[in-house]
Protein chains: 2
Amino acid sequence: MMPHNTKKLRQTDARRIILEELKDLTSHPTADEVYEIVRKRIPRVSLGTIYRNLEILSENGQIQKLEGGGTQRRFDGNTGNHYHLRCVDCGRVMDLPTQPLKEIERALFNLVEYEIHHYKLDLIGVCPPCQAVKSKSSPPAAED
Amino acid sequence: MMPHNTKKLRQTDARRIILEELKDLTSHPTADEVYEIVRKRIPRVSLGTIYRNLEILSENGQIQKLEGGGTQRRFDGNTGNHYHLRCVDCGRVMDLPTQPLKEIERALFNLVEYEIHHYKLDLIGVCPPCQAVKSKSSPPAAED
DNA sequence: TTATATGCAAATTGTTTGCCTAGGC
DNA sequence: GCCTAGGCAAACAATTTGCATATAA
């Protein structure tokens, strides 16, 4: 694991508020969701500014960029190492309620001798809310 | 882990050749790379057909769609569970030379009680070729 | 014969960029 | 005052789609 190059950024309203909002959320919003959220506090903010800052903040190690959930990138204010559950039904990305597992990290770092910066672990399945919906409305043997 | 819904697809030249080529490669090509490869065998094939078939084949569980490596999606003819190394320098995606690790799977499936279809594990770091270049041409102190 | 797949090109989507002004330090 | 950051709109790149024709079953 490598440390991030945290450089000194100029403190602007947009930047500060984007970061604040992301730190408060566990919903891993997309850029346009962040845009809508920030717009409530800075009505004239532009989508370009959102994108620029999300990029800068993630380069700077203050947020995480999540890819792999389809077409849109998502952002995570939690920079600690944690795992995600991606729901195949609703597309939601949830944090798994656990610390990084020692046995996984041990296994991983025995695996290769290369320079490894970090790792990503995603479970793909059905999130609890969708699970609930399913079991509630499951007819004995649904036809067509 | 859930089985894939492998439905019967009509067998066309484009479909068959895309699959053949992907099964022969370990380079995880992008859609346009697949297009160039297939074009050598079907000169009038269209990029739309490539995209449509890559989508269909991955829905059908015959190939894997890889996302998260930046702007372009990549495709993998190896549908067995295996891990990837993503190179931060060159963007290459390599297979890790190992079987899925028992201790990882054990840890994972203890982690949640949800319905899990599969999981993805990516190491992010420097691939052997880039590593080699680095150590060979390492100047006293300079990068970029 | 009939539904599925294709070629082609236009459309869409998510993201990035240029340019000029505003504002943090 | 200098230089980074922002607003806005236009540009881009990757992917998707509509439609008329071709082809597998």
Side-chain angles (χ1 to χ4, degrees), chain A residues 5-22 27-60 62-76 86 91 93, chain B residues 5-22 27-60 62-76 86 91 93:
Chain A
N5 57 315
T6 304
K7 78 175 153 196
K8 185 67 186 161
L9 294 180
R10 185 175 287 186
Q11 156 113 342
T12 65
D13 284 358
R15 191 120 73 209
R16 179 176 44 78
I17 288 173
I18 289 171
L19 191 54
E20 275 175 26
E21 295 289 348
L22 275 177
S27 62
H28 314 92
T30 57
D32 58 287
E33 286 166 349
V34 173
Y35 176 52
E36 289 308 330
I37 291 166
V38 173
R39 218 134 79 94
K40 297 196 178 117
R41 300 178 59 185
I42 314 177
R44 291 178 51 75
V45 76
S46 82
L47 187 55
T49 293
I50 302 294
Y51 272 105
R52 269 190 276 238
N53 278 300
L54 288 171
E55 183 61 30
I56 289 171
L57 290 169
S58 78
E59 269 178 10
N60 215 44
Q62 294 170 273
I63 65 174
Q64 276 192 66
K65 201 190 296 184
L66 309 180
E67 313 184 80
T71 50
Q72 278 182 91
R73 204 166 282 171
R74 289 175 174 278
F75 297 89
D76 191 343
R86 296 180 179 276
V93 177
Chain B
N5 57 318
T6 304
K7 79 175 153 198
K8 186 66 185 160
L9 295 180
R10 185 176 287 189
Q11 155 112 345
T12 65
D13 285 359
R15 192 120 74 209
R16 179 176 45 76
I17 288 174
I18 289 171
L19 190 55
E20 275 175 25
E21 295 289 347
L22 275 177
S27 62
H28 313 93
T30 57
D32 59 288
E33 286 166 349
V34 173
Y35 176 52
E36 290 307 330
I37 291 166
V38 173
R39 219 134 75 96
K40 295 196 181 118
R41 300 178 57 187
I42 314 178
R44 293 179 47 77
V45 76
S46 81
L47 187 53
T49 293
I50 302 294
Y51 273 106
R52 270 189 277 236
N53 278 300
L54 288 171
E55 183 60 29
I56 288 171
L57 289 169
S58 78
E59 268 177 11
N60 215 43
Q62 294 171 273
I63 64 175
Q64 275 192 66
K65 201 192 296 185
L66 309 181
E67 313 184 79
T71 49
Q72 279 182 91
R73 204 165 283 170
R74 290 177 173 278
F75 297 88
D76 191 342
R86 295 181 180 277
V93 177

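So that the names make sense, note that chain A is the first sequence line, chain B the second, and so on, each numbered from 1.
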> Summarise how protein sits on nucleotides 3-15 of chain C as a single string, 5' to 3': B when a protein heavy atom is under 4.0 Å from the base, S for sugar-phosphate-only contact, - for no contact.
BBSBBB-----SB
> Whole angstrom is fine here: how far is it from CD in A/Q11 over to P in D/dG6?
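In whole Å, D/dG6 P and A/Q11 CD are 11 Å from each other.
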> Need one value for A/E55: base, sugar-phosphate or nothing, where a base atom within 4.0 Å counts as base even if backbone is also close, heavy atoms only.
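Here A/E55 touches no strand at all.
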> Backbone N or O of A/H28 within a donor-acceptor pair of the A/R74 side chain at under 3.5 Å?
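It does hold such a pair.
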> Could you check whether any side-chain N or O of A/N53 sits under 3.5 Å from a backbone N or O of A/T49, counting only pairs where one atom can act as donor and the other as acceptor?
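Pair found, side chain donor or acceptor close to backbone of A/T49.
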> Where the side chain of B/R15 meets the backbone of B/R10, is there a donor-acceptor pair that is under 3.5 Å apart?
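Yes.
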> To the nearest angstrom, how far is B/I17 atom CD1 from D/dT23 atom P?
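That distance rounds to 14 Å.
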> Is a salt bridge present between A/E55 and A/R52, judged by a nitrogen-to-oxygen distance below 4.0 Å?
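No, this pair does not count.
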> Once you round to the nearest 0.5 Å, how far does CD of A/Q11 lie from CZ of A/R16?
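It is 6.0 Å, given to the nearest 0.5 Å.
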